[in-house]
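Before any comments, here is the structure.
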Amino acid sequence: MATKENSAPTDAESIQKTVNAVLDAVARTAPDVRSGLPGRRIAVEGKNPSGEEQKAADVYADELLCERIGSISNVGVYASEERASGVDVGTGLSVCVDPLDGSSNLEPNAAMGTIVAIYDDDLPASGRDIVAAAYVLYGATTTMIVARANKETVTEYVIHDTGDYQVVREELTLPEDPSVYGFGGRVPHWVEEFEEYVSEIESDPSMKLRYGGAMIGDVNQVLTYGGVFGYPTLTNASEGKLRVQFEGYPVGYILEKAGGASSDGRQSLLDVEKDDLHARTPVYVGNEELIDDLEAALADRY
Ligand code: P6P
C-alpha cells in the first residue's frame with residue numbers, strides 16, 4: 001500500500017476544512033455539469049482508461065471538477081475515471097472522482113451521477129483511508145448524499161440551479177424492510193450461485209426490480225427504499241465492471257455509514273486491496289441481511 005509521500009495534512013481540523021471545501025466545490029459545480037449536458041448528448045471523445053466509450057460529457061464534467069477541486073489547498077492529487085493517472089495539484093489529500101457516472105444514460109435522458117471519494121493517503125488508497133465520500137444524483141432534481149469519517153450519519157442535500165444547497169434528509173439510514181433490487185451484467189454471464197441468490201430474492205413478493213443502468217440512480221433507490229444493488233462477478237469478467245477507487249469504496253462507505261453493508265462477494269468493499277488505480281471489483285451494497293445472504297451464496301467460490 002502507498003506510503004504517505006504527499007504530506008497529507010494529518011490534523012483533524014485541516015482535514016475537515018479540506019473535506020468541506022471539496023464537498024462545497026462538488027455541490028456548486030453540479031449545476032454547471034447539468035447545464036453543460038444538453039449540448040453534449042451524443043458526442044463521443046474516445047475511450048476512457050478502462051477501455052469504455054468516453055463521451056464529450058464525461059470529459060466536460062471531468063475538466064470542470066479537476067479545475068475546481070484541484071485549486072483547493074490541502075488537495076494533493078485529483079484522480080478521475082477519465083484519466084490514466086492522478087494529477088498532482090499540490091500537497092495534501094487525494095480526491096478520486098467519477099465525473100459523470102452512467103453517462104450512457106445521457107442519450108435516453110435517464111439518471112446519472114458524480115461520485116467523489118476523499119482519501120488521506122496516496123493513491124491507490126485503501127477504503128479504510130476514506131475521510132469522506134459523496135455522490136451527486138442528476139435526477140428529477142439534483143441531490144447530493146454525503147458521508148464523513150467524523151460523523152456517524154449520512155446527509156442528503158438538494159442542490160439548486162444557483163449552486164446553493166440545503167439539507168433535506170439528516171441521519172439517512174436504510175429502511176429496515178428492503179423492497180428493491182437491481183443487478184448489472186447480462187444474466188447469461190451471472191455465475192450459477194449468484195443466479196440462485198437472485199431467484200430467491202425474486203421469489204419474495206415484497207421485492208421489486210429497480211435497475212436503471214447508472215449505479216448512482218440504482219444505489220439511491222436502495223438508500224431510499226432498502227434493498228440491494230450489485231454489479232456482480234461474471235463468468236466472462238470475474239472482477240465485474242465497477243472500479244474500486246472511483247465507485248466501490250465511496251459507495252460502499254456511504255451504504256455502510258447508512259447502516260447497510262457492502263461486499264465484493266466475501267468482504268467489505270473497504271477491505272478490498274488493489275494496486276491499480278483503475279482496478280475493478282464485484283460490487284454489492286444494501287441491507288446487511290441481503291449482503292450476508294449474498295456472501296453465503298458465493299462462499300463456495302472463494
Ligand atoms: P451496464 C455506468 O456505465 C456504470 O459504470 C455504472 O454506473 C452502472 O451501474 C453500470 O456501468 C451499468 O453497466 O452493463 O448495465 O450498462
Side-chain angles (χ1 to χ4, degrees), residues 1-30 33 49 61-101 113-136 144-155 157 165 216 243-257 262 268-279:
M1 189 56 65
T3 57
K4 281 188 185 288
E5 291 158 358
N6 66 1
S7 63
T10 50
D11 63 290
E13 191 180 342
S14 64
I15 288 179
Q16 285 322 311
K17 192 171 166 216
T18 308
V19 165
N20 293 341
V22 170
L23 296 175
D24 184 68
V26 170
R28 295 186 185 283
T29 302
V33 170
D62 178 49
E63 286 173 354
L64 266 185
L65 288 160
C66 182
E67 178 200 334
R68 300 199 182 159
I69 293 172
S71 63
I72 295 170
S73 64
N74 276 337
V75 171
V77 174
Y78 170 92
S80 144
E81 212 179 75
E82 307 307 328
R83 298 170 188 252
S85 55
V87 179
D88 284 332
V89 292
T91 58
L93 301 177
S94 300
V95 181
C96 278
V97 177
D98 182 353
L100 198 59
D101 174 73
T114 293
I115 310 172
V116 180
I118 307 172
Y119 302 93
D120 70 348
D121 204 343
D122 291 345
L123 297 176
S126 152
R128 299 294 174 190
D129 291 322
I130 282 189
V131 289
Y135 64 73
V136 173
M144 179 167 74
I145 298 286
V146 174
R148 297 161 175 266
N150 71 334
K151 200 172 171 206
E152 280 321 300
T153 56
V154 172
T155 308
Y157 301 85
Y165 52 100
I216 292 310
R243 278 106 330 201
V244 181
Q245 297 279 324
F246 300 102
E247 294 154 317
Y249 285 162
V251 171
Y253 186 80
I254 290 168
L255 269 288
E256 291 189 13
K257 275 276 183 181
S262 78
S268 163
L269 285 169
L270 302 183
D271 293 322
V272 171
E273 295 212 353
K274 299 275 184 179
D275 289 334
D276 177 278
L277 182 62
H278 294 278

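Model, not experiment: these values are computed from the prediction.
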Minimum-distance pair of heavy atoms, taken over all atoms of Tyr78 and Val97: CE1-CG2, 3.7 Å
Test side-chain contact (heavy atoms from CB on, under 4.5 Å) applied to Thr153 - qualifying residues, sequence neighbours left out: Lys151, Glu170, Glu171
Atom pair OH (Tyr135) and CD1 (Ile216), whose distance is rounded to the nearest 0.5 Å: 6.0 Å
Partner residues of Asp271 under the side-chain contact (heavy atoms from CB on, under 4.5 Å) criterion, sequence neighbours left out: Arg128, Gln267, Ser268
Sub-4.5 Å side-chain heavy-atom contact between Glu81 and Pro49: no
Stepwise side-chain contact (heavy atoms from CB on, under 4.5 Å) test for Thr114 and Leu65: CA-CA 10 Å; Thr114 293; Leu65 288 160; 3.9 Å; yes
Audit row: Asp24, Tyr165, side-chain contact (heavy atoms from CB on, under 4.5 Å) steps and yes/no: CA-CA 9 Å; Asp24 184 68; Tyr165 52 100; 2.6 Å; yes
From Ser73 atom OG to Leu93 atom CG, the distance as rounded to the nearest 0.5 Å: 10.0 Å
Shortest non-hydrogen contact between Ser80 and Asp62, atoms and distance: OG-OD1, 2.9 Å
Partners passing ring pair (Phe, Tyr, Trp, His ring centres under 6.0 Å) against Phe246 (at least two apart in sequence or in another chain): His278
Gap separating the CG atom of Leu100 from the CG atom of Leu64, nearest 0.5 angstrom: 11.0 Å
Closest non-hydrogen atom pair, Leu277 against Ala84: CD2-O, 3.9 Å
Closest non-hydrogen atom pair, Ser262 against Gly252: CB-CA, 3.7 Å
Cys96 vs Leu123 side-chain heavy atoms within contact, under 4.5 Å: yes
Minimum heavy-atom distance between Gln245 and Ala117, given as atom pair plus value: O-CB, 4.1 Å
Partner set under side-chain hydrogen bond (donor to acceptor under 3.5 Å, both in side chains) for Asn20, not counting sequence neighbours: Arg148
Check against side-chain contact (heavy atoms from CB on, under 4.5 Å), Met144 and Val26: CA-CA 9 Å; Met144 179 167 74; Val26 170; 4.2 Å; yes
Under 3.5 Å donor-acceptor, Glu247 side chain and Arg243 backbone: yes
Distance (rounded to the nearest 0.5 Å) between Asp120 CG and Ile130 CD1: 10.5 Å
Chi angles and distances behind the side-chain contact (heavy atoms from CB on, under 4.5 Å) call for Leu23, Val146: CA-CA 8 Å; Leu23 296 175; Val146 174; 3.6 Å; yes
Atom pair CG (Asp101) and CD1 (Ile115), whose distance is rounded to the nearest 0.5 Å: 4.0 Å
side-chain contact (heavy atoms from CB on, under 4.5 Å) against Ala147, all qualifying residues, sequence neighbours excluded: Val154, Tyr253, Ile254, Lys257
Considering all heavy atoms, the nearest Tyr249-Ala125 contact: CE1-O, 3.1 Å
Set of residues satisfying side-chain contact (heavy atoms from CB on, under 4.5 Å) with respect to Glu67, sequence neighbours excluded: none
Gap between atom CD of Glu256 and atom CG of Leu270 - 0.5 Å precision: 4.5 Å
